[in-house]
Novice: 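Attaching a single structure in C-alpha coordinates format; questions to follow.
If you read the sequence from its start, that first residue is 1, and numbering goes on from there.
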Amino acid sequence: AVVSTQSTGGLNLLINNAAIMKHGKGVLGCSDQELTDTLQVNVVGQHIVTNSFYPLLKQAAECNSHIPISCARAAIFNISSELGSIQNTSNSFTTAYRVSKAALNMLTKCQASEFIKDGIVSLSIHPGWVRTDLGGPRAPLSTEDSVDDIAYMIENCTEKHNGMYVRKGLVAEPY
(Lines give C-alpha, C1' and ligand atoms only; values in the text may rest on other atoms or scores of the structure.)
Protein backbone atom coordinates (compact mmCIF):
# COMPACT_ATOMS: atom_id res chain seq x y z
CA ALA A 1 0.00 0.00 0.00
CA VAL A 2 1.06 3.57 -0.56
CA VAL A 3 1.90 5.10 2.81
CA SER A 4 3.40 8.50 2.01
CA THR A 5 5.04 10.66 -0.61
CA GLN A 6 7.99 13.00 -0.29
CA SER A 7 6.32 15.90 -2.07
CA THR A 8 2.85 17.29 -2.35
CA GLY A 9 2.94 17.14 -6.14
CA GLY A 10 1.76 13.55 -6.46
CA LEU A 11 3.11 10.96 -8.89
CA ASN A 12 3.55 11.84 -12.57
CA LEU A 13 4.35 8.40 -13.95
CA LEU A 14 3.51 4.86 -12.89
CA ILE A 15 5.19 2.07 -14.85
CA ASN A 16 3.66 -1.34 -14.12
CA ASN A 17 6.32 -3.87 -15.08
CA ALA A 18 5.68 -7.21 -13.44
CA ALA A 19 5.14 -10.48 -15.24
CA ILE A 20 5.62 -14.22 -15.07
CA MET A 21 5.67 -16.62 -18.00
CA LYS A 22 5.93 -20.40 -18.17
CA HIS A 23 7.70 -21.12 -21.45
CA GLY A 24 6.32 -23.40 -24.12
CA LYS A 25 2.92 -24.41 -22.80
CA GLY A 26 0.00 -24.31 -25.21
CA VAL A 27 -3.69 -24.57 -24.39
CA LEU A 28 -3.63 -28.25 -23.44
CA GLY A 29 -0.40 -27.92 -21.44
CA CYS A 30 -1.61 -24.92 -19.47
CA SER A 31 -3.10 -25.93 -16.14
CA ASP A 32 -5.88 -24.05 -14.40
CA GLN A 33 -3.39 -23.10 -11.68
CA GLU A 34 -0.84 -21.76 -14.17
CA LEU A 35 -3.49 -19.60 -15.82
CA THR A 36 -4.74 -18.36 -12.44
CA ASP A 37 -1.23 -17.57 -11.17
CA THR A 38 -0.28 -15.78 -14.38
CA LEU A 39 -3.43 -13.66 -14.40
CA GLN A 40 -2.91 -12.85 -10.72
CA VAL A 41 0.58 -11.44 -11.29
CA ASN A 42 0.25 -10.00 -14.80
CA VAL A 43 -3.20 -8.41 -14.53
CA VAL A 44 -4.61 -8.39 -11.01
CA GLY A 45 -1.29 -7.23 -9.54
CA GLN A 46 -1.10 -4.32 -11.94
CA HIS A 47 -4.73 -3.42 -11.16
CA ILE A 48 -3.96 -3.39 -7.43
CA VAL A 49 -0.82 -1.27 -7.86
CA THR A 50 -2.59 1.23 -10.12
CA ASN A 51 -5.54 1.61 -7.77
CA SER A 52 -3.15 2.10 -4.84
CA PHE A 53 -1.24 4.87 -6.63
CA TYR A 54 -4.30 6.44 -8.28
CA PRO A 55 -4.72 9.17 -5.62
CA LEU A 56 -1.13 10.31 -6.22
CA LEU A 57 -1.57 10.23 -10.00
CA LYS A 58 -4.74 12.30 -9.69
CA GLN A 59 -2.94 14.71 -7.39
CA ALA A 60 -0.13 15.17 -9.95
CA ALA A 61 -2.67 15.73 -12.74
CA GLU A 62 -4.41 18.38 -10.64
CA CYS A 63 -1.13 20.09 -9.67
CA ASN A 64 -0.06 20.12 -13.33
CA SER A 65 -3.42 21.00 -14.88
CA HIS A 66 -1.74 23.84 -16.80
CA ILE A 67 0.30 21.22 -18.72
CA PRO A 68 -1.30 19.34 -21.64
CA ILE A 69 -2.21 15.73 -20.88
CA SER A 70 1.05 13.79 -21.11
CA CYS A 71 3.58 12.02 -18.88
CA ALA A 72 4.62 15.46 -17.59
CA ARG A 73 1.13 15.71 -16.09
CA ALA A 74 0.22 12.12 -15.08
CA ALA A 75 0.46 8.78 -16.87
CA ILE A 76 0.26 5.02 -16.45
CA PHE A 77 2.41 2.76 -18.62
CA ASN A 78 1.43 -0.90 -18.43
CA ILE A 79 4.19 -3.11 -19.81
CA SER A 80 2.51 -5.55 -22.17
CA SER A 81 3.90 -7.71 -24.96
CA GLU A 82 3.36 -8.33 -28.63
CA LEU A 83 2.22 -11.78 -27.48
CA GLY A 84 -0.88 -10.04 -26.07
CA SER A 85 -2.11 -9.14 -29.55
CA ILE A 86 -5.20 -11.19 -30.37
CA GLN A 87 -5.03 -10.18 -34.03
CA ASN A 88 -1.42 -11.36 -34.40
CA THR A 89 -1.86 -14.71 -32.64
CA SER A 90 -1.07 -17.64 -34.90
CA ASN A 91 -0.23 -20.31 -32.29
CA SER A 92 -0.91 -21.18 -28.67
CA PHE A 93 2.69 -21.04 -27.39
CA THR A 94 2.74 -19.61 -23.82
CA THR A 95 -1.06 -19.52 -23.59
CA ALA A 96 -1.30 -18.20 -20.02
CA TYR A 97 1.12 -15.34 -20.73
CA ARG A 98 -0.66 -14.40 -23.99
CA VAL A 99 -4.08 -14.40 -22.29
CA SER A 100 -2.76 -12.29 -19.41
CA LYS A 101 -1.23 -9.67 -21.70
CA ALA A 102 -4.41 -9.46 -23.79
CA ALA A 103 -6.31 -8.96 -20.51
CA LEU A 104 -3.80 -6.29 -19.44
CA ASN A 105 -4.44 -4.46 -22.71
CA MET A 106 -8.17 -4.47 -21.95
CA LEU A 107 -7.52 -3.26 -18.41
CA THR A 108 -5.46 -0.42 -19.89
CA LYS A 109 -8.33 0.54 -22.23
CA CYS A 110 -10.72 0.57 -19.25
CA GLN A 111 -8.30 2.69 -17.21
CA ALA A 112 -7.89 5.05 -20.14
CA SER A 113 -11.61 5.60 -20.54
CA GLU A 114 -12.10 6.23 -16.82
CA PHE A 115 -8.95 8.10 -15.84
CA ILE A 116 -8.74 10.59 -18.72
CA LYS A 117 -11.43 12.68 -17.02
CA ASP A 118 -8.88 13.32 -14.27
CA GLY A 119 -6.11 14.21 -16.75
CA ILE A 120 -4.32 10.86 -16.56
CA VAL A 121 -3.21 9.13 -19.76
CA SER A 122 -2.96 5.29 -19.79
CA LEU A 123 -1.10 3.14 -22.34
CA SER A 124 -0.02 -0.46 -22.86
CA ILE A 125 3.47 -0.69 -24.27
CA HIS A 126 5.39 -3.51 -25.87
CA PRO A 127 9.02 -2.90 -24.88
CA GLY A 128 10.40 -5.34 -27.45
CA TRP A 129 11.83 -8.80 -26.89
CA VAL A 130 14.41 -7.90 -24.24
CA ARG A 131 17.31 -9.89 -22.78
CA THR A 132 15.99 -10.29 -19.23
CA ASP A 133 15.25 -13.27 -17.01
CA LEU A 134 11.84 -13.49 -18.72
CA GLY A 135 13.04 -12.71 -22.27
CA GLY A 136 16.04 -14.99 -22.13
CA PRO A 137 19.55 -14.71 -23.59
CA ARG A 138 18.42 -15.09 -27.23
CA ALA A 139 16.32 -11.91 -27.13
CA PRO A 140 17.69 -9.39 -29.63
CA LEU A 141 17.18 -6.22 -27.58
CA SER A 142 19.41 -5.10 -24.71
CA THR A 143 17.83 -3.64 -21.60
CA GLU A 144 19.62 -0.36 -22.37
CA ASP A 145 18.03 -0.11 -25.83
CA SER A 146 14.61 -0.99 -24.44
CA VAL A 147 14.97 1.68 -21.74
CA ASP A 148 15.93 4.23 -24.41
CA ASP A 149 12.78 3.29 -26.36
CA ILE A 150 10.61 3.63 -23.26
CA ALA A 151 12.22 6.99 -22.42
CA TYR A 152 11.25 8.18 -25.92
CA MET A 153 7.66 7.07 -25.27
CA ILE A 154 7.63 8.88 -21.92
CA GLU A 155 8.90 12.10 -23.51
CA ASN A 156 6.51 11.99 -26.47
CA CYS A 157 3.30 10.51 -25.08
CA THR A 158 0.27 12.81 -25.41
CA GLU A 159 -3.48 12.60 -24.93
CA LYS A 160 -3.85 11.10 -28.42
CA HIS A 161 -2.04 7.98 -27.15
CA ASN A 162 -4.55 7.41 -24.35
CA GLY A 163 -5.77 3.81 -24.38
CA MET A 164 -3.36 2.76 -27.11
CA TYR A 165 -1.24 -0.37 -27.28
CA VAL A 166 2.12 0.76 -28.70
CA ARG A 167 5.67 -0.29 -29.41
CA LYS A 168 8.94 1.57 -30.17
CA GLY A 169 8.29 5.06 -31.46
CA LEU A 170 4.70 5.04 -30.11
CA VAL A 171 3.65 2.99 -33.15
CA ALA A 172 0.25 1.35 -32.60
CA GLU A 173 0.14 -2.41 -32.14
CA PRO A 174 -2.97 -4.33 -33.25
CA TYR A 175 -5.18 -5.50 -30.43
Side-chain angles (χ1 to χ4, degrees), residues 1-6 10-27 29-61 71 73-86 88-89 92-136 139 141 143 146-147 149-151 153-154 157 161-168 173 175:
V2 179
V3 177
S4 67
T5 179
Q6 290 292 99
L11 178 69
N12 294 86
L13 178 61
L14 174 63
I15 300 176
N16 284 313
N17 182 34
I20 59 171
M21 177 173 66
K22 305 285 183 173
H23 293 277
K25 295 186 178 179
V27 176
C30 178
S31 70
D32 298 348
Q33 191 61 54
E34 179 185 342
L35 183 58
T36 300
D37 292 347
T38 304
L39 288 167
Q40 184 66 35
V41 172
N42 298 3
V43 184
V44 177
Q46 297 199 29
H47 175 68
I48 291 168
V49 168
T50 299
N51 286 351
S52 295
F53 281 99
Y54 185 79
L56 293 175
L57 290 159
K58 185 176 178 183
Q59 182 179 2
C71 288
R73 189 165 176 184
I76 301 163
F77 275 31
N78 289 323
I79 305 298
S80 187
S81 169
E82 66 186 347
L83 295 177
S85 171
I86 294 169
N88 287 344
T89 298
S92 66
F93 180 73
T94 64
T95 294
Y97 184 78
R98 287 175 181 272
V99 168
S100 74
K101 291 303 184 173
L104 179 62
N105 293 341
M106 176 56 83
L107 177 62
T108 302
K109 286 289 277 188
C110 293
Q111 291 169 341
S113 68
E114 187 169 333
F115 299 168
I116 194 67
K117 72 180 177 355
D118 293 319
I120 302 167
V121 64
S122 302
L123 296 86
S124 279
I125 67 168
H126 167 56
W129 182 17
V130 186
R131 283 188 303 275
T132 63
D133 288 344
L134 191 139
L141 194 60
T143 53
S146 181
V147 167
D149 295 344
I150 293 169
M153 292 184 220
I154 291 168
C157 165
H161 300 104
N162 189 49
M164 291 182 69
Y165 169 35
V166 298
R167 69 178 323 125
K168 181 179 181 172
E173 279 284 300
Y175 280 101

Novice: Quick one: do Leu104 and Asn42 satisfy side-chain contact (heavy atoms from CB on, under 4.5 Å)? Show the steps, please.
Specialist: CA-CA 7 Å; Leu104 179 62; Asn42 298 3; over 6 Å; no

Novice: Restricting to non-hydrogen atoms, name the atom on Leu39 and the atom on Ser100 that form the minimum distance, rounded to 0.1 Å.
Specialist: CD2-CA, 3.7 Å

Novice: Going from CD on Glu34 to CE on Met21, what distance comes out if it is rounded to the nearest 0.5 angstrom?
Specialist: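 Glu34 atom CD to Met21 atom CE measures 10.5 Å (nearest 0.5 Å).
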
Novice: For Ala74, is there any backbone N or O sitting under 3.5 Å from a side-chain donor or acceptor partner on Asn12?
Specialist: no

Novice: Quick check: does any side chain N or O of Arg98 sit under 3.5 Å from a backbone N or O of Phe93, one acting as donor and the other as acceptor?
Specialist: yes

Novice: I'd like to know if the side chain of Lys101 and the backbone of Ile79 have a donor-acceptor N/O pair within less than 3.5 Å.
Specialist: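 Indeed, once roles are kept as given, a pair shorter than 3.5 Å links the two residues.
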
Novice: Just by distance, no angles: are the side chains of Thr108 and Ser124 close enough, under 3.5 Å, to form a donor-acceptor pair?
Specialist: yes

Novice: Given 3.5 Å as the limit, does a donor-acceptor pair link the side chain of Asn162 with the main chain of Ala112, or not?
Specialist: yes

Novice: Show your working on side-chain contact (heavy atoms from CB on, under 4.5 Å) between Thr50 and Phe115 and close with a plain yes or no.
Specialist: CA-CA 11 Å; Thr50 299; Phe115 299 168; 3.8 Å; yes

Novice: What pair of heavy atoms forms the shortest contact from Ile86 to Ala102, and how long is it?
Specialist: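 For Ile86 and Ala102, the tightest heavy-atom pair comes out as CG1-CB, 4.2 Å.
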
Novice: CG of Leu56 to NZ of Lys58: how many Å apart, nearest 0.5 Å?
Specialist: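 Going from the CG atom of Leu56 to the NZ atom of Lys58 covers 12.0 Å.
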
Novice: State, to 0.1 Å, how close Met153 and His126 come at their nearest heavy-atom pair, and which atoms those are.
Specialist: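 Looking at all heavy atoms of both residues, the closest pair is CE-O, 4.3 Å.
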
Novice: Mind running side-chain contact (heavy atoms from CB on, under 4.5 Å) on Lys22 and Asp37 for me, showing each step along the way?
Specialist: CA-CA 10 Å; Lys22 305 285 183 173; Asp37 292 347; over 6 Å; no

Novice: Go through the steps for Ile76 and Ile120 under the test side-chain contact (heavy atoms from CB on, under 4.5 Å), then give the verdict.
Specialist: CA-CA 7 Å; Ile76 301 163; Ile120 302 167; 4.1 Å; yes

Novice: Pick one: which of Leu14, Asn17, Ile125, Asn16 meets side chain to side chain contact (heavy atoms under 4.5 Å, CB included) with Phe77?
Specialist: Ile125

Novice: If you compare all heavy atoms of Pro127 against all heavy atoms of Ile150, which two are closest, and at what distance to 0.1 Å?
Specialist: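 Heavy atoms only, the tightest pair is CB-CD1, 4.1 Å.
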
Novice: Is the backbone of Ser81 close enough, under 3.5 Å, to the side chain of Tyr165 for a donor and an acceptor to pair up by distance?
Specialist: yes

Novice: Can you name the closest pair of heavy atoms from Leu57 and Ala75 and give their distance?
Specialist: CD2-O, 3.6 Å

Novice: Can you see which heavy atom on Thr95 is nearest to which on Cys30, and at what distance?
Specialist: CB-CB, 4.4 Å

Novice: According to salt bridge (Lys or Arg N to Asp or Glu O under 4.0 Å), does anything in residues 106-125 pair up with another residue at least two apart or in another chain? List the pairs.
Specialist: none

Novice: Can you tell me how far CD of Glu82 sits from OG1 of Thr89, rounded to the nearest 0.5 angstrom?
Specialist: 10.0 Å

Novice: Kindly determine whether Asn105 and Glu173 satisfy side chain to side chain donor-acceptor pair (under 3.5 Å), including the steps that lead there.
Specialist: CA-CA 11 Å; Asn105 293 341; Glu173 279 284 300; over 6 Å; no

